[in-house]
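In what follows, a single structure is set out as structure tokens and then discussed.
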Protein chains: 2
Amino acid sequence: METSLNSTKSLIIKAALGIFAQKGFKGATVREICAAADQSVGAINYHFRDKQGLYEAVTQALLEELMLNTSPEPQNSSTMQPEARLHFLVTSFLKRFGMLFDGGDNGQRAIFMLREILNPSADFTRLFLSFQAWQKDYLLRIISDLTGCRPESPEVARSAISIIGQCFHFVFGRRLFGLLGMEASQAKEISKCAEHIVKFSLGGVKAVTGAKK
Amino acid sequence: METSLNSTKSLIIKAALGIFAQKGFKGATVREICAAADQSVGAINYHFRDKQGLYEAVTQALLEELMLNTSPEPQNSSTMQPEARLHFLVTSFLKRFGMLFDGGDNGQRAIFMLREILNPSADFTRLFLSFQAWQKDYLLRIISDLTGCRPESPEVARSAISIIGQCFHFVFGRRLFGLLGMEASQAKEISKCAEHIVKFSLGGVKAVTGAKK
DNA sequence: AATAAATTAAAACAAACGTTCAAAACTATT
DNA sequence: AATAGTTTTGAACGTTTGTTTTAATTTATT
């Protein structure tokens, strides 16, 4: 069984990703997908059993690609300054999801992902959780260390939303920025964005908690 | 022509909003919508011409509801301190969109809106812009006044993304927070959230620009 | 109360859809 | 070169979909 990049399976998955992203599961038709992949309609039944199986294969492929860019929590985390841990967290977030805009597909993988966040399938939820869950407590701990507040306090929880919200928006906010008339072009330079988010957030958390530091 | 809240048109629009939100335009079927509204399938043709017309009526109704909660730029804006202007902007954003979670529909209007942001229809884009456009320059000016930086500078642009990103996430981020294992329950208390975002952002903009103030 | 207009109801239709299947084409093995 | 297994093809099928249509019912007007 060939599994090269130009195999029938790969061609169909690639085409399906783009069309699912644009039109959703119901909106995309198997004929349309096969035409885009230059394959016959029977190929979906043969390689993926049915349309649903194809969709799951697309989800799987995207999440596996995302896995490759995933860094685990660093080993020397306990010895790192909270500022450095925050920088690491923000950078890994921007890298992991910012990658979805590379590859010349005009961000179709990102749109597919946003669709899944809006209506998560079981597969997506499980896999997404498995490599994302550690970040919650990690971030709460960082803010706690920065401010001296307890990790369970509402100020820390709200600050976490502020920080994740910034990260999310620097990556996925293009659609909204377009509607608001803003430009998100600079979101491409990951290190510059990360630096901004870290500095902004350090100032933010100290402002909301009145941290002496 | 009756236009009461229990008219056939209203019943169908209400039911359609929920089903469009859950399943998208293609995923929703007219039979399903009419069954939910307890009306016959012919009603859609009679009142909205076709499914597309119904969708546009739903969009229109949602945007009109949104319009009612829209405050224009305040008259005494030029005399207000930038901090007060920021507070006004954040509060009006949270009020306007936070409303989408009220009404006991479990946020279906919000999900409908997120779908439109993901794949904007022409109607939506035009109407959304018409009552949202002023906020861009207004926000850039606030940050400029707070920091002394030029409104066109990249620091100001990035700070604007940070602020809008926070607002957006405090309102719409529930889906993502669920995936991340966070709670967004406190997002309901608008004034508390607004206060947080303003304080956090004031600290943030000063940190990234090194404002003396 | 009678008539006209507007609305509702449900059956019928045509188009589009996902799926199936038998034949053809291709690959690998002997 | 012959054969067995794998993959590809595209027409055919049954279902679901949006829409239309015609009759029944309700509402408004005289």
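Values below: all heavy atoms of this structure, side chains included; hydrogens, waters and symmetry mates excluded. Here is the naming used below: chain letters follow the sequence lines, and residue numbers restart at 1 for every chain. What you see is a predicted model; the values in this text were computed from it and never measured.
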Just so I know, are the side chains of B/Gln166 and A/Gln166 near enough to count as touching, which here means a heavy-atom distance under 4.5 Å? yes
- Item | Close side-chain approach of A/Phe170 to A/His196, heavy-atom, < 4.5 Å | yes
A/Glu32 atom CD is separated from C/dC17 atom P, nearest whole Å, by 8 Å
Rounded to whole Å, the CG-P distance (B/Asp38 to C/dT7) equals 19 Å
Can you give each donor-acceptor pair under 3.5 Å made by side-chain atoms of residues 100-108 of chain B, sequence neighbours left out, with the distance rounded to 0.1 Å?
| from | atom 1 | to | atom 2 | distance (Å) |
| --- | --- | --- | --- | --- |
| B/Asp105 | OD1 | B/Gly107 | N | 3.2 |
| B/Asp105 | OD2 | B/Arg109 | N | 3.4 |
| B/Asp105 | OD2 | B/Arg109 | NE | 3.2 |

Quick one: is [N] close enough that its OP1 or OP2 comes under 4.0 Å of any side-chain N or O from [X]?
X       : N     : value
B/Gln39 : C/dA9 : yes
A/Thr8  : D/dT7 : no
A/His47 : D/dT8 : yes

Any base atoms under 4.0 Å from B/Ala43, or only sugar-phosphate, or nothing? Heavy atoms, all strands. nothing
Counting primed atoms, P, OP1 and OP2 as sugar-phosphate and everything else as base, the B/S/- map of nucleotides 12-22 of chain D against protein heavy atoms under 4.0 Å is B----BBBBB-
Aromatic rings A/His169 and B/His169: how do their planes relate, parallel, tilted or perpendicular, breaks at 30° and 60°? perpendicular
Residue set satisfying ring-ring contact (aromatic ring centres under 6.0 Å, His included) with B/Phe48, at least two apart, ordered chain then number -> none
Rounded to the nearest 0.5 angstrom, the CG-CZ distance for A/Leu146 and A/Arg85 is 7.5 Å
Of C/dA9, C/dA6, D/dT6, the nucleotide closest to the side chain of B/Tyr46 is C/dA6
